[in-house]
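Report on the following structure.
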Amino acid sequence: MESRKPLIAGNWKMFKTCPEATDTAQKLVELVGDVKSVDIMIAPTFTALAMVSEIIKDSPVELGAQNLYWEKEGAFTGEISAPMIVSAGCRYVIIGHSERRQFFGETDEGVNKKIKAAFEASLIPIVCVGETESERDSGKTFSVLDKQIQEGLKKLNLDASSPPVIAYEPIWAIGTGKTAQPEQAQEAHAYIRQLISEDFGIELASIIRILYGGSVKPGNIAELMALQDIDGALVGGASLKPETFSEIIHYQK
Ligand code: PEP
């Protein structure tokens with residue numbers, strides 16, 4: 001079986017001013033040391049990216065943005081393009097987070113354009129998918145994932161040399177303190193991997209990293225990471241405190 005290096009990613013959402021972000025990043029760098037067993041990413045707000053990039057540059061912590069706009073430049077007031085976030089030091093970008101879908105009207109079509117723009121700029125997209133509580137309760141989890149994966153990744157030339165990352169984030173588990181049961185998470189992750197295999201082939205499916213997101217904390221990370229198809233975590237609230245995020249990163253100890 002292919003080995004997939006875990007990725008522990010922190011989404012800082014709309015938290016932290018520039019001094020707070022640089023202070024948190026500094027503490028995190030000190031706490032993580034030279035961890036090599038996992039990849040680590042933090043996604044501060046746009047305003048703090050360049051400053052945080054300077055702080056983490058000689059550490060294993062890598063930088064991500066929380067969003068992008070698919071055009072390279074132009075009269076799109078308030079938007080930020082893929083080349084701009086690359087120039088601020090980013091290697092990753094989160095795309096289609098449920099908060100963007102819910103509060104900012106993001107669609108699978110827009111997600112598709114954003115993923116394409118990310119690849120064109122050599123960014124690694126972390127593509128978020130997941131169902132609401134009512135969709136799960138009415139047995140629609142798999143059809144929601146089908147649509148989000150099929151439309152989000154439509155007509156993209158994905159191959160194993162530059163795989164995207166997928167984050168399965170059941171919306172009912174984000175910021176709620178509720179975590180999916182291990183068997184629910186494993187079932188959804190295995191289903192996503194199967195979809196990738198059908199659409200893009202077994203080679204990509206075997207190496208693509210599928211992260212779990214939804215109230216991940218130091219107390220549940222080891223149990224989640226023990227599951228066969230979970231290759232890391234996208235962590236919101238618990239990534240804001242460097243001590244807590246570092247405990248998650250060091251889950252193997
Ligand atoms: C997230 O923002 O992607 C997330 C999973 O948040 P939380 O860990 O706070 O549930």
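Counting convention: from 1, in listed order, for ligands and their atoms alike. Model, not experiment: these values are computed from the prediction. Residue numbers count from 1 along this sequence.
Checked against a 3.5 angstrom limit, the closest N/O atoms of Gly236 and ligand 1 fall inside it. Remark: ligand 1 and Leu234 share no N or O pair separated by less than 3.5 Å (distance only, no angle test). For ligand 1, the polar-atom distance check finds no N/O of Glu99 at less than 3.5 Å from any of the ligand's N/O atoms. Taking distance alone, with nitrogen or oxygen atoms compared against 3.5 Å, Thr176 stays at or beyond that limit from ligand 1.
Surrounding CD of Glu109 are at most 12 heavy atoms belonging to other residues, nucleotides or ligands under 6.0 Å away.
With Asp108 as the fixed residue, the salt bridge (Lys or Arg N to Asp or Glu O under 4.0 Å) test singles out one of Lys154, Arg101, Lys113: Arg101. When each of Glu131, Glu133, Glu135 is paired with Trp172, the side chain to side chain donor-acceptor pair (under 3.5 Å) condition holds for Glu131 and for no other.
Relative orientation of the Tyr168 and His189 rings is perpendicular, given thresholds of 30° and 60° on the angle between their planes.
Every atom of ligand 1 is numbered from 1 in the order shown, and the set under 4.0 Å from a heavy atom of Gly214 is 5 (C), 10 (O). Ligand-side atoms of ligand 1 in range of Ile174: 4 (C), 6 (O), 10 (O), range being under 4.0 angstrom from any heavy atom. Annotation for ligand 1: atoms under 4.0 Å from non-hydrogen atoms of Asn11 are 1 (C), 2 (O), 3 (O).
Nearest protein neighbour of atom 9 (O) of ligand 1, counting heavy atoms only, is Gly237 N, 2.8 Å. When hydrogens are left out, the protein atom nearest atom 5 (C) of ligand 1 is Glu169 OE2, 3.1 Å; that is the closest non-hydrogen contact.
At least one heavy atom of Gly175 lies less than 4.0 angstrom from ligand 1. Contact between His97 and ligand 1 is present, with at least one heavy atom of the residue lying under 4.0 Å from the ligand. Heavy atoms of Ala173 come nearer than 4.0 angstrom to ligand 1 in at least one pair.
Side-chain contact between Ile149 and Ile166 is present, with heavy atoms from C-beta onward closer than 4.5 Å.
A donor-acceptor pair under 3.5 Å is absent between the side-chain atoms of Lys114 and the main chain of Val127, judged by distance alone.
Using a cutoff of 4.0 Å between basic side-chain nitrogens and carboxylate oxygens, Asp39 and Arg91 are not scored as salt-bridged.
Side-chain polar atoms of Asp229 and Tyr191 form no donor-acceptor pair below 3.5 angstrom.
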